[in-house]
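The analysis underlying the following values was restricted to heavy atoms, covering all of them including side chains, and did not include hydrogens, waters or symmetry mates. First the proteins, then the strands, lettered A, B, ... as listed; each starts at 1.
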Protein chains: 2
Amino acid sequence: MASPSKAGAPHRVRLNRERVLATAIALADAGGIESLTMRRLGEELGVEAMSLYNHIANKEDLLTGMIDAVFAEIELPSHSDNWKAALRKRSVSFRDALSRHPWATALKDSGTNPGPATLRHHDRVIGTLRNGGFSIALAAHAFSAVDSYIYGFAMQEKSLPFTTDEEAATMAHLMLAQLPANEYPYLAELTAEYVLRPGYNYGNEFPFGLDLILDALERARDAQPAG
Amino acid sequence: MASPSKAGAPHRVRLNRERVLATAIALADAGGIESLTMRRLGEELGVEAMSLYNHIANKEDLLTGMIDAVFAEIELPSHSDNWKAALRKRSVSFRDALSRHPWATALKDSGTNPGPATLRHHDRVIGTLRNGGFSIALAAHAFSAVDSYIYGFAMQEKSLPFTTDEEAATMAHLMLAQLPANEYPYLAELTAEYVLRPGYNYGNEFPFGLDLILDALERARDAQPAG
DNA sequence: GAGTTCTCCTTACGTCGTAAGCTTATGGTG
DNA sequence: CACCATAAGCTTACGACGTAAGGAGAACTC
């Protein structure tokens with residue numbers, strides 16, 4: 001029943017690095033990074049696991065390539081916007097990318113050398129700051145602060161054991177029932193009166209911290225010796 | 001040949017969950033989380049791998065327990081300090097803990113339910129903010145912003161492929177030589193004139209972002225409708 | 001069209017987490 | 001003290017993992 005070829009022409013679709021990476025990303029998106037195995041990836045591509053090694057060096061190379069592909073999805077800061085607007089846009093885009101590919105957040109460590117898309121991204125962010133009047137040192141500080149926030153936020157978001165608002169509410173109710181309110185009174189209060197409010201969604205916390213940092217960076221920039 | 005016992009008294013040292021967790025943490029600290037296998041952990045404890053299952057449910061349970069042990073190491077915010085000083089101290093302590101146990105940063109996701117030390121920690125942080133005059137909503141915002149920053153910073157720090165300053169310098173020189181300066185001019189500039197400066201250490205970036213956020217939170221607190 | 005190279009497959013190895021079932025040590029009863 | 005239930009540890013085994021080695025066939029080069 002599974003005899004696809006048209007007329008005696010099996011003619012397999014050739015593999016290449018891009019197809020391998022794209023399929024690997026799709027698999028990781030769908031089932032989490034732990035569901036991405038060489039055998040399953042091969043299966044998805046209609047090929048045996050070992051054939052993949054003609055296009056990638058090993059699994060770490062695969063993961064590195066996936067990370068770089070995620071970075072390629074991030075909207076680069078536009079040089080026509082002012083630094084703050086540009087940085088804000090790319091930060092939201094960054095968060096969106098990490099949210100679409102939650103496995104990417106945790107994978108940063110295994111990654112050794114950044115790929116070209118990653119380098120390009122970093123270069124443009126630093127360039128935006130420098131052109132916006134940040135000294136080298138302050139640009140380095142700012143870069144670290146903003147990206148740490150984004151990474152950390154994405155990680156916390158991913159670690160939540162629910163996705164939709166209803167799931168969140170159910171989960172919060174459960175937790176609230178479980179945790180002894182007199183042992184963790186503040187946690188209980190916050191859960192009951194904030195998390196359980198209809199429409200609560202942790203993802204909505206993102207802009208607060210982002211703008212907090214961007215506004216503070218603007219003040220730090222203006223306080224510089226003079227650009 | 002393998003008859004170790006001294007004088008008819010083999011008398012194995014009994015295992016327990018604490019010893020298992022402590023040894024697992026030591027192993028992960030020393031060789032990275034990927035070097036922590038049930039067999040190696042058993043070996044370290046003078047026991048077969050399967051014996052560990054008398055004290056932990058499975059590997060995920062082990063990892064969850066390890067995370068909670070890390071949280072237990074974090075200095076809780078003191079109620080006698082003002083909120084900002086208290087939060088700053090615990091944030092530095094938090095970063096130190098994640099720096100001592102880099103594997104903990106990435107493990108957050110696998111962790112499903114937080115342990116008691118984790119809950120206690122969260123409760124105290126929220127309590128510090130509430131007593132410091134933060135509304136419930138603002139406390140939630142602040143908690144998210146600060147902890148996202150800390151997590152993200154720890155993750156970036158861990159992902160650096162070097163530890164000591166000299167290693168960093170060597171690596172930066174290498175990278176600088178590799179990356180085409182005209183393709184990534186801003187990155188090259190920052191590397192050459194900031195990262196390669198003697199005494200540079202990425203870890204030193206931490207206080208900048210932390211104080212940036214804490215100061216901004218203070219302003220946000222003071223701008224509240226009135227506490 | 002002959003030779004070379006690249007792609008893909010088969011088989012196999014060592015390592016992982018852990019299920020099942022055994023043996024031995026421990027500690028509570030008479 | 002003897003007795004024995006329970007808990008702690010050991011042995012063996014299974015299926016999944018990443019990937020080394022080497023062979024078969026297709027696709028390009030000249």
(Q) Can you see whether B:Tyr151 engages A:Ser148 through a side-chain donor-acceptor pair at a distance of less than 3.5 angstrom? (A) no

Would you say [X] reaches [N]'s phosphate, i.e. side-chain N/O to OP1/OP2 under 4.0 Å?
X       : N      : value
B:Thr37 : C:dC16 : yes
A:His55 : C:dC6  : no
A:Arg40 : D:dA16 : no

Q | Sequence neighbours excluded - ring pair (Phe, Tyr, Trp, His ring centres under 6.0 Å) pairs with any residue from residues 31-78 of chain B | A | B:Phe71-B:Phe94, B:Phe71-B:His121, B:Phe71-B:His122

Q: Sort and list the pairs that fulfil ring pair (Phe, Tyr, Trp, His ring centres under 6.0 Å) and have at least one residue in residues 169-194 of chain B, not counting sequence neighbours.
A: B:Tyr194-B:Tyr200

[X] [atom1] to [N] [atom2], straight-line distance once rounded to whole Å:
X       : N      : atom1 : atom2 : value
A:Leu36 : D:dG18 : CG    : C1'   : 12 Å
B:Leu52 : C:dC16 : CG    : P     : 13 Å
B:Leu15 : D:dA8  : CG    : P     : 9 Å
B:Arg14 : D:dC10 : CZ    : P     : 12 Å
B:Glu48 : C:dA20 : CD    : C1'   : 16 Å
B:Asn16 : D:dA7  : CG    : C1'   : 14 Å
A:Asn54 : C:dT7  : CG    : P     : 6 Å
B:Leu45 : D:dC10 : CG    : C1'   : 15 Å

Q: Apply side chain to side chain contact (heavy atoms under 4.5 Å, CB included) to B:Asn204 and list each qualifying residue two or more places apart in sequence or on a separate chain.
A: B:Asn201

Expected rows: protein N/O vs nucleotides 19-23 of chain D N/O, under 3.5 Å:
residue	atom	partner	partner atom	Å
D:dT19	OP2	A:Tyr53	OH	2.6
D:dT19	OP2	A:Lys59	N	2.9
D:dT19	O5'	A:Tyr53	OH	3.3

Q: Identify which nucleotide among C:dC16, C:dT26, C:dC9 has an atom closest to any side-chain atom of A:Val47, counting heavy atoms from C-beta outward.
A: C:dC9

Which pairs would a plain distance check flag for residues 34-41 of chain B, meaning a side-chain donor or acceptor within less than 3.5 Å of a matching protein atom at least two apart in sequence or in another chain?
residue	atom	partner	partner atom	Å
B:Ser35	OG	B:Gly31	O	3.2
B:Ser35	OG	B:Gly32	O	2.8
B:Thr37	OG1	B:Arg40	N	3.1
B:Arg40	NE	B:Ser35	O	2.8

Q: Scan residues 65-78 of chain A for pairs that pass side chain to side chain donor-acceptor pair (under 3.5 Å), counting only residues two or more places apart or in two chains.
A: A:Asp68-A:Thr118, A:Glu73-A:Arg100, A:Glu73-A:His101, A:Ser78-A:Ser80

Q) Should the pair A:Arg95-A:Glu157 be classified as a salt bridge under the 4.0 Å nitrogen-to-oxygen rule? A) yes

